[in-house]
Enquirer: 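Structure in structure tokens, see below.
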Number of protein chains: 2
Amino acid sequence: MPRAGLDPAAVVAAGAALADEVGLPHLTMGLLAERLGVRTPSLYKHVGGQEDLNRRIAALALGEAADAVGDAVRGWAGRDALAAAARTFRGFVLEHPGRYAATIGVEPSGPDDPVAVAGRRLLDAFTAVLRGYRIGEHDVDHALRTLRSLCHGFATLQAARGFRWSTDVDESFDWLIDFADRGLRAMENTPP
Amino acid sequence: MPRAGLDPAAVVAAGAALADEVGLPHLTMGLLAERLGVRTPSLYKHVGGQEDLNRRIAALALGEAADAVGDAVRGWAGRDALAAAARTFRGFVLEHPGRYAATIGVEPSGPDDPVAVAGRRLLDAFTAVLRGYRIGEHDVDHALRTLRSLCHGFATLQAARGFRWSTDVDESFDWLIDFADRGLRAMENTPP
DNA sequence: CAACCGAAGCTAACAAGATTAGCTTTTGGC
DNA sequence: GCCAAAAGCTAATCTTGTTAGCTTCGGTTG
């Protein structure tokens, strides 16, 4: 009987892919094992259990999102950068709803936790967008949280089919980008 | 042996309260039964199972949130109404994270599903806020989705301890309200 | 007032899923 | 070719959700 040749990274990657396919709540150790051509207990040679698997999927997702948003923003500034970041982020969540869902509610164990590191990289990518606006030093954290809330809120609501009536969702997202751009510019030059 | 005297509403109310206490993922039929002084299978006389319970908690939560936001907005307009709605909504989510979490991802079975009815009432409360801004008829849906994304995003991120660094979260939310107010006013008078 | 019947509860049993223990086998380095 | 560590497997346990079928309470009715 040939060996499957798994390692933690392969298990996590397959888990993330499967979560995207069937939805995080339906990601089960048995289903993942089947997908990998292995019996369930074998997975425990590579990951510590369901919670550990979830954390690793979360770190993977945050890292991928950070890469995607960072790449998309590079070379742009102001409204262009904002639009690129927002669209890329939403695209990532819609393409990978399962692994993104895994990021919600994970508590990093410390500053060196891969989840914390990747999360910080994603925030950095959004911070870069804000540099194109004259936000006062003291307001950058607020603006970052607000921008994150906007993108996270829209993307997760759409991924959960939360926008039910007929108006075109992509059009709404364009409107949102316009709204954010104008809102950020309206917040410029506020004294610290 | 005296009878417990349960009914579906009591089970759902206790389930919602318990979800708020221990977190929705830890709301278990056994724990709920224990809380109600009853054996687990007895719950099935009142609710159809875990999924049905979740739907009913969601409908309860959406109705309560709609009531709260609707009450808070009454008598106000413009920025005041926006601030009242946003603060009340966030307050509800932070006080009742478990039952609000139950609302995420429920698919109403039809327009008469209690979840759909309550959800519509909550949206109506936010729609009332937008009447204080001169948003073009054609843009109201977009503005509503954007406002919802903002409030939902911030509240759920905060409830999940997503804002980790030191800046004061309440201050950020005030900033967000200001941002939304200015953004909405910046979107006024856009031709349809 | 007693018989009755439906609802509310209970016990027992089963199914799914996560996890652990302990055994077997492959495989890479000597 | 040998051998230890790693990778996989089977068997078993534990927790949860759920169903079946029995029992009993409590209001209704003759």
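Residue numbers start from 1 in every chain, and the chains themselves are labelled A, B, ... in the order their sequence lines are given, proteins ahead of strands.
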Enquirer: Any protein N or O atoms within reach of nucleotides 18-22 of chain D? Criterion: under 3.5 Å, listing atom names and distances.
Expert:
residue, atom, partner, partner atom, Å
D:dT18, OP2, B:Y44, OH, 2.8
D:dT18, OP2, B:Q50, N, 3.0
D:dT18, O5', B:Y44, OH, 3.3

Enquirer: To the nearest Å, how far apart are B:D7 CG and C:dG6 C1'?
Expert: 17 Å
Enquirer: Round to a whole Å and report the spacing from CG of B:L6 to P of C:dC10.
Expert: 9 Å
Enquirer: Got a list of side-chain donor-acceptor pairs under 3.5 Å for residues 33-49 of chain A, not counting sequence neighbours?
Expert:
residue, atom, partner, partner atom, Å
A:R35, NH1, A:E21, OE2, 3.1
A:R35, NH2, A:E21, OE1, 3.0
A:S42, OG, A:R39, O, 3.3

Enquirer: Could you give the CG-to-P distance, from A:L36 to D:dC9, as a whole number of Å?
Expert: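 In whole Å, D:dC9 P and A:L36 CG are 11 Å from each other.
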Enquirer: If I compare all heavy atoms of A:A159 with all of A:V93, which pair ends up nearest, and what's the gap?
Expert: CB-CG1, 4.4 Å
Enquirer: Whole Å only: how far is the CG atom of A:L53 from the P atom of C:dA18?
Expert: 10 Å
Enquirer: Under 4.0 angstrom, heavy atoms only, what part of the nucleic acid is A:T28 near: base, sugar-phosphate, or nothing?
Expert: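 It contacts sugar-phosphate atoms only.
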Enquirer: What is the distance from CZ of A:R39 to P of C:dT24, rounded to the nearest Å?
Expert: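 Checked: the CZ to P distance equals 18 Å.
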Enquirer: Using whole Å, report how far CG of A:L24 lies from C1' of C:dG17.
Expert: 15 Å
Enquirer: In whole angstrom, what separates A:L27's CG from C:dA18's C1'?
Expert: 13 Å
Enquirer: Please check if any side-chain donor atom of B:Y100 sits under 3.5 Å from a side-chain acceptor atom of B:D20, or the reverse.
Expert: no
Enquirer: Is there a continuous path of hydrophobic side-chain contacts, each under 4.5 Å between heavy atoms, that joins A:L62 to A:V117?
Expert: no
Enquirer: Give a yes/no on whether any side-chain N or O of A:S42 is located under 4.0 angstrom from OP1 or OP2 of D:dA7.
Expert: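 It does not, given that no N or O in the side chain of A:S42 lies less than 4.0 Å from OP1 or OP2 of D:dA7.
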Enquirer: Measure the acute angle between the ring planes of B:F173 and B:F154, then classify it against the limits of 30° and 60° as parallel, tilted or perpendicular.
Expert: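 Ring orientation of B:F173 relative to B:F154: tilted.
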Enquirer: Hey, are A:H142 and B:E171 close enough side-chain-wise for a donor-acceptor pair under 3.5 Å?
Expert: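 There is such a pair between these side chains.
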Enquirer: Is there a side-chain contact (heavy atoms from CB on, under 4.5 Å) between A:W175 and B:M187 once you walk through the steps?
Expert: CA-CA 9 Å; A:W175 195 96; B:M187 300 303 278; 3.6 Å; yes
Enquirer: Take the protein atom CD of A:E34 and the nucleotide atom P of C:dA18, then report the distance between them rounded to whole Å.
Expert: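 Checked: the CD to P distance equals 13 Å.
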Enquirer: OP1 or OP2 of C:dG9 versus the side-chain N and O atoms of B:H46: is any pair under 4.0 Å?
Expert: yes
